[in-house]
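Note that ligands are numbered from 1 as they come in the structure, with each ligand's atoms numbered from 1 the same way.
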Amino acid sequence: MVEISTPISRSTDASKLDYYEIPIIDWQLSDKDKPLFLRQLRDAMINIGFLYLANHPVPHEIIAQVKEIAPKFFELPQESKDMLDMKNSMHFHGYLKVSGATLSNDASVREQFNFGGARTCSWKEGEPEYLKLNGEALWPSEQDLPEFRNTMLTYYNHVEDLSYKFTRLVSEALGLGPDALDVLFDQDHGNLQPRCKVLRYPGTPDGQPGSGIAAHVDGSFLTYLLQATDHRTLEVKNLSGEWIPVPPKENTFVINLGKTLEKATRRVLPATPHRVLSPIGAPRFSVAFFSSIGHEVRLAEHYFPFPEEVLEMKYARDKKLGVDSNFRFSEKDMDLAGEVVLARKLRSHADVTERFYPNLFSRYYPNGRPAKPNTGRNLMSKA
Ligand SMILES: O=C(O)CCC(=O)C(=O)O
Ligand SMILES: [Fe+2]
């Protein structure tokens with residue numbers, strides 16, 4: 001059990017909006033004292049945007065197994081990793097190595113393995129291209145890395161389950177019914193396959209701090225992050241624009257808000273900027289789970305009637321920050337979520353686009369294949 005040493009003391013006091021510590025939310029409090037749990041969650045999400053979730057239901061043994069096996073993926077011979085390269089996956093799963101200048105001039109350095117839950121691809125000739133997004137990941141063979149697929153999928157299934165439960169609590173924390181946000185998850189049409197990334201950040205060769213992932217906000221609905229080593233190199237930007245460390249805490253997830261949730265709530269919950277510095281010394285490992293909404297949801301079509309007290313908190317925050325509280329959708333927010341996600345991935349991965357989406361290649365790459373590699377990041381925009 002994690003000791004809850006830092007209960008949220010900030011409440012809704014607008015004069016105390018800046019934060020230097022990330023709140024710890026105790027999952028078990030949702031059973032013991034739900035009104036208190038919901039108040040803490042609401043405050044953490046509206047005023048801070050990052051939280052640790054402690055005493056969560058994902059079994060500790062599974063987390064320990066993931067921490068042990070995840071680094072082993074990167075110890076596979078380069079040849080084996082190259083066979084699993086994302087350029088071989090229509091569904092944008094697989095291995096990516098990012099180092100130095102990329103398409104978006106992100107000078108970050110990391111390796112990653114991207115996967116999703118066990119799903120078959122339902123796409124058939126003539127159907128929308130975004131249906132190609134869901135599908136079976138590329139896995140190392142059992143001989144190469146015994147139990148990796150099994151362990152990572154078990155972990156994924158637990159976190160996916162947690163993500164739906166947590167989303168219902170978020171809905172309640174915002175003063176809506178527990179099932180109000182269910183319309184975004186569109187059970188009948190099949191969700192977009194949530195994505196998971198195993199990340200390795202090598203130590204900087206010269207002992208100088210470098211960039212592991214540059215400042216960004218996630219494109220996800222919510223992100224559930226497992227910090228698998230003891231490094232203190234994950235940082236979030238607080239409301240005053242300062243970078244605050246988010247040190248690992250045993251058996252917690254770090255949860256942050258993505259751009260999809262920001263839009264769905266019309267900025268009651270703004271996406272939170274964060275970055276990872278390259279470690280000095282031993283490599284850092286982490287596993288990020290990105291929840292996502294239904295393929296056929298158009299974000300701008302949904303309106304959630306937040307109660308006055310929730311809107312007041314948003315106005316107080318925005319006033320303090322000097323930010324305009326009016327929210328405007330962009331034209332893209334009328335598109336299907338599947339199209340939006342596919343466009344983002346096509347823009348980042350020229351090689352996958354050329355091979356598996358040839359009809360769209362010239363639209364995204366009118367000048368042909370770019371010389372620089374892709375970013376491999378699941379980003380909506382840089383912070
Ligand atoms: O590795 C981490 O701790 C964060 C990863 C991250 O922010 C991302 O992949 O979007
Ligand atoms: Fe991120």
Side-chain angles (χ1 to χ4, degrees), residues 22 48-53 63 66-67 70-71 73-74 86 92-99 102 104 106-116 152 155-156 159 163 194-204 209-238 243-262 269-280 282-292 341 344-345 348-349 374-383:
I22 310 297
I48 296 176
F50 255 87
L51 58 100
Y52 291 101
L53 187 66
I63 301 222
V66 166
K67 283 185 175 178
F73 173 85
F74 300 100
M86 188 183 282
F92 301 88
H93 296 311
Y95 171 71
L96 269 181
K97 185 169 188 165
V98 181
S99 59
T102 60
S104 61
D106 163 16
S108 307
V109 180
R110 68 195 172 277
E111 283 179 277
Q112 63 191 59
F113 174 72
N114 302 261
F115 69 98
M152 296 316 294
Y155 174 78
Y156 176 101
V159 183
S163 76
R195 305 254 154 185
C196 213
K197 274 199 298 207
V198 186
L199 290 140
R200 176 183 186 272
Y201 302 86
T204 51
S211 177
I213 292 186
H216 67 280
V217 294
D218 294 338
S220 60
F221 188 76
L222 283 163
T223 303
Y224 301 76
L225 183 73
L226 173 67
Q227 303 200 73
T229 46
D230 291 337
H231 299 84
R232 301 166 64 94
T233 51
L234 170 66
E235 294 187 337
V236 305
K237 209 184 215 180
N238 75 6
W243 286 106
I244 307 298
V246 188
K249 288 192 195 292
E250 196 66 15
N251 288 316
T252 64
F253 287 110
V254 174
I255 298 187
N256 71 278
L257 318 182
K259 202 75 190 168
T260 304
L261 180 60
E262 172 177 310
L269 300 182
T272 27
H274 53 287
R275 69 180 180 188
V276 178
L277 307 176
S278 291
I280 295 172
R284 172 182 186 267
F285 296 95
S286 61
V287 183
F289 177 98
F290 303 95
S291 69
S292 49
V341 172
R344 188 157 81 227
K345 292 197 176 293
S348 299
H349 303 286
N374 58 44
T375 66
R377 290 206 336 241
N378 184 20
L379 310 183
M380 196 78 175
S381 56
K382 281 195 175 184

Can you list the ligand 1 atoms lying under 4.0 Å from a non-hydrogen atom of Ile213?
5 (C), 6 (C), 8 (C), 9 (O)
Could you list the atoms of ligand 1 found under 4.0 angstrom from a heavy atom of Leu199?
1 (O), 5 (C), 9 (O)
Using non-hydrogen atoms of the residue, decide whether Arg284 is closer than 4.0 angstrom to ligand 1.
yes
Quick one: closest heavy-atom pair of Leu222 and Leu261, and the distance?
CD2-CD2, 3.6 Å
As an exercise, identify every atom of ligand 1 less than 4.0 angstrom from a heavy atom of Val276.
1 (O), 2 (C), 3 (O), 4 (C)
Mode of Ser286 contact toward ligand 1 - side chain, backbone, both, neither (heavy atoms, under 4.0 Å)
side chain
Measuring from the heavy atoms of His216, does anything fall under 4.0 Å of ligand 1?
yes
Check Phe285 against ligand 1 and report side chain, backbone, both or neither, counting heavy atoms closer than 4.0 Å.
neither
Using side-chain heavy atoms (C-beta onward) and a distance below 4.5 Å, is Tyr52 in contact with Pro247?
yes
Relative to the heavy atoms of Tyr201, which atoms of ligand 1 are at a distance of less than 4.0 Å?
1 (O), 2 (C), 4 (C), 5 (C)
So do the side chains of Val236 and Asn256 get within less than 4.5 Å of each other, counting heavy atoms only?
no
With a 3.5 Å distance limit and no angle check, can you tell me whether Gln227 reaches the backbone of Leu234 through a side-chain donor-acceptor pair?
no
Under 4.0 Å from one or more heavy atoms of His274, ligand 1 contributes atoms 7 (O)
Do Val109 and Val98 have side chains that get closer than 4.5 Å, going by heavy atoms?
no
Pick one of side chain, backbone, both or neither for how Asp218 approaches ligand 1, counting any non-hydrogen atom pair under 4.0 Å.
side chain
Identify the heavy atoms of Ala214 and His216 that sit nearest to each other, and give their distance.
O-ND1, 2.8 Å
Val254, portion touching ligand 1 at heavy-atom distance under 4.0 Å:
neither
Where do Ala70 and Val198 come nearest, in terms of heavy atoms and distance?
CB-CG1, 3.6 Å
Sorted by chain and residue number, the side chain to side chain donor-acceptor pair (under 3.5 Å) partners of Thr223 (sequence neighbours excluded) come out as Asp218, Ser220
Can you list everything that forms a ring pair (Phe, Tyr, Trp, His ring centres under 6.0 Å) with Phe221? Sequence neighbours excluded, please.
Phe185
The atom name of the N, O or S atom in His274 nearest to the Fe ion (ligand 2) is NE2
Run the contact test for Lys197 against ligand 1 with a 4.0 Å cut-off on heavy atoms, strictly below, and give the result.
yes
Angle in degrees, rounded to 10°, that OD1 of Asp218 and NE2 of His216 form at the Fe ion (ligand 2):
90°
